[in-house]
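Each remark here refers to the structure printed beneath this line.
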Protein chains: 2
Amino acid sequence: MDTTQRTDQQRSADRRRRELLEAADRVVLRDGPGASMNAIAAEAGITKPILYRHFGDKGGLYAALAKRHTDALLEALRAALDAPAERRERVESTLDTYLAAIEARPQVYRFLMHPAEGGQPGDQGFDVGKHSAPLLRRMGEELAEVIEERVDLGPGSQQLARVWGHGIVGMMHAAGDWWLGERPCPRAELVRSLADLLWGRLAAAGDKIGGPGF
Amino acid sequence: MDTTQRTDQQRSADRRRRELLEAADRVVLRDGPGASMNAIAAEAGITKPILYRHFGDKGGLYAALAKRHTDALLEALRAALDAPAERRERVESTLDTYLAAIEARPQVYRFLMHPAEGGQPGDQGFDVGKHSAPLLRRMGEELAEVIEERVDLGPGSQQLARVWGHGIVGMMHAAGDWWLGERPCPRAELVRSLADLLWGRLAAAGDKIGGPGF
DNA sequence: ACTAAGCTGTTACTTGCGGTAACTGGAGTG
DNA sequence: CACTCCAGTTACCGCAAGTAACAGCTTAGT
């Protein structure tokens, strides 16, 4: 027996797991994030307990599912973040990468960020909250690292970089979410507007009429 | 019959509704957002169907509950936003108001923003997603209005103001969420860091060592 | 005073989900 | 051939949302 056999089993288990995840992906993208375990199992051509053997509980499946997309997105963002270019260009490219991703696959995005939507009444969502947050947190932490590592911020730089990392990610996320819902302008314009904000245009702008402006 | 009688009934109904909401508030703050309708009804000293008569479904109760806190918070933010002071001071005051609010009542905050957490396995959360978003959206829109109304942004100012409104709110939210979880620094420092970010300090800072920084 | 609404409240039920226990059939190994 | 693993199944439990259908009290109409 042994190592070879074990690896064989493990391989087949891993393959199965991937198949299950792909099936789950299809269902979630079709039925929205409120898809039931039964539905996912049916799509995969099997029944519930198998899902539970592989993923523990619904949160586990959700986590595994989210991890795939999350990792892919983070990879893309890292690339944009590490590209050789000036800071402004790099910021814009990162923003654009993120926005292009959520624009290209809004279903995935809504699953990651706003699970437990789009269901009929009586719908109970996934095990929300433990997974959408992590994506934003991870993005924030990664951005913080890059900032701290490349930008000279003087004393207290680490703290500052983390605040900024999470703050910028939140800005990107909220603006992207709103933009995705209303599509008030082309992507490039949104990117430029956000970069302008980060570049201090709010502080530089003059007051409009009476009294001190915001 | 009629108006007088109706008003009487309506008054008593409204009072009842308020009592129910207060009971729901207590339960949600005690048990987390996963509280069951049964538990809420029990806290109010009555049983489920009454809740359903008053609020339609769980989403309705949730919405009503969220609206109270949301309105209160927005009121406070409006005050900070409209105070007579310079722009930077006003921005800091608004940030501080928001952060003070979530710091003072983190349970309420988590209920508004991250419902469907803190439950045991098998817990199905509230009807998430339809309510946490609205708060952020409303804040974003209000901020956008204030910006557009007071800051001179040249052509395309309305679009730009909305982008910034949602972006800034998202920044505040994400940074606040992270800060509330880790408490890495006093509130005042967070406020200053975020204001610095909005004031373009990221753009102004120099690169650290090799190559163009972020 | 008696009945008819109309309110608040109840108990008891249905439905549908997440999650689990216990059984079934087939493939490899002495 | 017996024995052990597995993938897989059916059938079930618990629990929460939501819904009848019924019970009592207050109030109005005649």
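Treat the numbers as computed from the prediction; the structure is a model and nothing was measured. The sequence lines fix the lettering, A, B, ..., with proteins before strands; numbering per chain opens at 1.
Not counting sequence neighbours, the partners of B:E19 by the side chain to side chain donor-acceptor pair (under 3.5 Å) test are B:R16. Residues passing the side chain to side chain donor-acceptor pair (under 3.5 Å) test with B:R78, sequence neighbours excluded: B:E75, B:E142. Under the rule for a side chain to side chain donor-acceptor pair (under 3.5 Å), A:R18 has no partner lying at least two apart in sequence or in another chain. Not counting sequence neighbours, the partners of A:D71 by the salt bridge (Lys or Arg N to Asp or Glu O under 4.0 Å) test are A:K67, A:R138. B:W179 pairs by the ring-ring contact (aromatic ring centres under 6.0 Å, His included) definition with nothing, not counting sequence neighbours.
Of the residues B:L81, B:L143, B:V191, the one that meets the side-chain contact (heavy atoms from CB on, under 4.5 Å) test with B:T94 is B:L81.
For the pair A:F55 CZ and C:dT20 C1', the interatomic distance rounds to 18 Å; values are reported in whole Å. In this structure, the CG atom of B:L61 is 16 Å from the P atom of D:dA16, given to the nearest Å. If you measure from atom CG of A:D57 to atom P of C:dC17, you get 17 Å, rounded to the nearest angstrom. Rounded to whole Å, atom C1' of C:dC17 lies 13 Å from atom NZ of B:K58. Between the C1' atom of C:dG18 and the CD1 atom of A:I40 lies a distance of 12 Å, rounded to the nearest Å. Distance, A:M37 CE to D:dT10 C1': 17 Å, rounded to whole Å. Look at CG on B:D14: it is 15 Å from C1' on C:dC7, rounded to the nearest Å. Residue B:N38 contributes atom CG, which lies 11 Å from atom C1' of D:dG18 at whole-angstrom precision.
From one end of the helix from C:dA1-D:dT30 to C:dG30-D:dC1 to the other, with five pairs defining each end axis, the axis direction shifts by 20° (rounded to 10°).
The phosphate of D:dC6 has neither OP1 nor OP2 within less than 4.0 Å of any side-chain N or O from A:R53.
Residues B:Y62 and B:F55 keep their aromatic ring centres 6.0 Å or farther apart.
Using a 4.0 Å cutoff on non-hydrogen atoms, the parts of residues 44-52 of chain A near DNA chain D are A:I46, A:T47, A:P49, A:I50, ordered by number.
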Return a table of donor-acceptor pairs under 3.5 angstrom between the side chains of residues 46-54 of chain B and protein atoms on other chains or two or more places apart.
none

Atom pairs and distances, side-chain donor-acceptor, residues 32-39 of chain A, under 3.5 Å, sequence neighbours left out:
residue: A:S36; atom: OG; partner: A:N38; partner atom: N; Å: 3.4
residue: A:S36; atom: OG; partner: A:A39; partner atom: N; Å: 3.0

